[in-house]
Amino acid sequence: MTAIENFTGDAHPYSGGDPYADYRTADFPFSHLADLADRRLGAGVIAANDEFFAQRENLLLPGRAEFDPEHFGHKGKIMDGWETRRRRGTSAEHPWPATEDHDWALIRLGAPGIVRGIVVDTAHFRGNHPQAVSVEGTSVAGSPSPAELLSDDVTWTTLVPRTPVGGHAANGFAVSAGQRFTHLRLKQHPDGGIARLRVHGEVVPDPAWLAALGTFDVVALENGGRVEDASDLFYSPADNTIRPGRSHKMDDGWETRRRRDEGHDWIRYRLVAQARIRALEIDTAYLKGNSAGWASVSVRDGDDGDWQEILPRTRLQPDTNHRFVLPEPAVGTHARVDIHPDGGISRLRLFGSLTDQGSAALPRA
């Protein structure tokens, strides 16, 4: 595992200009993986013991935290994050928080899965960040209430032990638990503020749910599909093409830079498991003067299989959802969309069902 840079201590007070100019961050080896706590996947902060200064829901907002030095309310400085009040001791003789004092928030993952890395981002919390953080995970079926999650019947696994963190920094932690989780418990010791929480990992869907659906989108992120590689990520991530729902603005899709050669761009995907594909959609929603001109789709079975074209190069229209029924089902474990010559698409949907081999290969939830 690549060593991860650690940040501790306060950051310098804000002195004007770009608030991110002195932000501390690093390249994390897990950052290419899906964010299981993405609000757009259905994640939520379902409870917190304290959110006096700033709401818990801010933890999962997409995009980086914003900072307005002039934004104050009747409780004090308004921060784009989750911030609790200052803890106090039990008496004048002992005014300091006890060692075990902490604040907590319960997070429902948008897609259950194996967590590979966590980023606790304290952007703009310079002297009011927690001294340390810890993260635990559990797997509970259904839709448990906060009270049920906090009951003695639930077993929590430590993903990040209590670890010092830095203010105004992206604090990254590699996770090696290797099991499926549905909920996390974030703790800050003893109090303070956290701007964002990112939980990177691999989606592990519920096999019983997929079997009950029968036909579903076998490349969708929420069902366990993922992007393996792409030719160009200049404007937006390729993961956007397999997110839930339709795109609602231009940067909610995948757009490449303008090509000045005779090549083309592409994305390669791994399906949830081996599947039999019967229909597909290519959506160019909100890509109007920059949508791909043409697209083709291919699948292959296995890591070393040959690519089989299931949709020949086809003209695309701007801001349009294109639907295609295949003349016969195509079996594969991987898919690739090629766009010609450049531009973008907002979504790719591959509708099909798992083969017997694919069903048997799914991890048990």
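Here the structure is a predicted model, which is why all the values come from computation and not from measurement.
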Answer yes if the side chains of [X] and [Y] hold a donor-acceptor pair under 3.5 Å, and no otherwise.
X	Y	result
Arg196	Thr122	no
Asp121	Tyr23	yes
Gln274	Thr333	no
Asp50	Thr84	no

Within the supplied structure, the quantity of interest is the number of heavy atoms (other residues, nucleotides, ligands) at a distance under 6.0 Å from [X] [atom1]; does it exceed 12?
X	atom1	value
Glu66	CD	no
Asp306	CG	no
Arg323	CZ	no
Lys288	NZ	no
Arg258	CZ	no
Glu57	CD	yes

Give the minimum heavy-atom separation between [X] and [Y], together with the two atoms involved.
X	Y	answer
Leu287	Ser291	O-CB, 3.4 Å
Gly201	Leu33	O-CB, 3.6 Å
Pro112	Thr182	CB-CG2, 4.0 Å
Val272	Phe216	CG1-CE1, 4.1 Å

Check the pair Leu61, Asp80 against side chain to side chain contact (heavy atoms under 4.5 Å, CB included), reporting the backbone distance first and the verdict last.
-> CA-CA 9 Å; Leu61 290 177; Asp80 184 8; 3.9 Å; yes

Closer than 4.0 angstrom, basic N to acidic O: yes or no for [X] and [Y]?
X	Y	result
Asp22	Arg126	yes
Arg24	Glu5	no
Asp229	Arg270	no

Euclidean distance, [Y] [atom2] relative to [X] [atom1], rounded to 0.5 Å:
X	Y	atom1	atom2	value
Arg64	Thr25	CZ	OG1	10.5 Å
Phe52	Trp82	CZ	CH2	15.0 Å
Ser145	Leu106	OG	CG	10.0 Å
Asp319	Asp283	CG	CG	8.0 Å

Is there a side-chain contact between [X] and [Y] (heavy atoms, below 4.5 Å)?
X	Y	answer
Trp294	Asp338	no
Ser359	Asp356	no
Met79	Phe53	no
Ile339	His264	no
His334	Asp303	yes
Glu255	Phe234	no
Arg246	Tyr286	no
Ser296	His340	yes

Single-linkage hydrophobic cluster, 4.5 Å side-chain cutoff, Tyr269 and Leu311 together | yes

Is it possible for you to say whether Phe7 and Val133 belong to one hydrophobic cluster, with membership spreading through side-chain heavy-atom contacts below 4.5 Å?
-> no

With sequence neighbours left out, what residues match Tyr14 under side chain to side chain donor-acceptor pair (under 3.5 Å)?
-> none

For Arg268, all residues meeting side chain to side chain donor-acceptor pair (under 3.5 Å), sequence neighbours excluded = Glu228

Answer yes or no: is there a donor N or O on one side and an acceptor on the other, between the side chain of [X] and the main chain of [Y], under 3.5 Å?
X	Y	answer
Thr241	Asp239	no
Ser151	Leu149	no
Arg349	Val219	no
Ser346	Ala285	yes
Thr138	Thr155	yes
Arg180	Val204	yes
His124	Ala65	yes
Arg87	His102	yes
Asp10	Gly127	no
Asp217	Leu350	yes

Report the C-alpha separation of Gln179 and Thr157 in whole Å, then their side-chain angles, then the decisive distance to 0.1 Å, and conclude whether the side chain to side chain contact (heavy atoms under 4.5 Å, CB included) test is met.
-> CA-CA 10 Å; Gln179 63 192 81; Thr157 299; 3.9 Å; yes

Check each of Ile114, Leu159, Ile107 against Phe181 using the side-chain contact (heavy atoms from CB on, under 4.5 Å) test, and report the only one that passes.
-> Leu159

Determine, using ring centers only, whether His168 and His129 are less than 6.0 Å apart.
-> no

Assess whether salt bridge (Lys or Arg N to Asp or Glu O under 4.0 Å) is satisfied between Lys187 and Glu136, documenting all intermediate values.
-> CA-CA 8 Å; Lys187 295 180 180 179; Glu136 301 165 299; 3.5 Å; yes

From the list Thr284, Asn321, Asp252, side-chain hydrogen bond (donor to acceptor under 3.5 Å, both in side chains) with Arg347 holds only for Asp252

Can you list the steps and then say if Arg259 with Asp232 is a salt bridge (Lys or Arg N to Asp or Glu O under 4.0 Å)?
-> CA-CA 10 Å; Arg259 278 191 171 268; Asp232 188 290; over 6 Å; no

Please walk me through it: do Ile277 and Leu271 pass side chain to side chain contact (heavy atoms under 4.5 Å, CB included)?
-> CA-CA 11 Å; Ile277 302 166; Leu271 309 184; 4.1 Å; yes

With salt bridge (Lys or Arg N to Asp or Glu O under 4.0 Å) as the test, would you mind laying out the steps for Asp265 and Arg257 before giving the verdict?
-> CA-CA 10 Å; Asp265 290 311; Arg257 74 192 82 194; over 6 Å; no

Glu202 and Arg226: salt bridge (Lys or Arg N to Asp or Glu O under 4.0 Å), yes or no, with the steps?
-> CA-CA 8 Å; Glu202 298 147 7; Arg226 65 180 186 268; 5.8 Å; no

Aromatic ring pairing Phe324/His322, orientation class (parallel under 30°, perpendicular over 60°, tilted between) = parallel

Ring geometry between Phe28 and Phe30 (parallel below 30°, tilted from 30 to 60°, perpendicular above 60°) | parallel

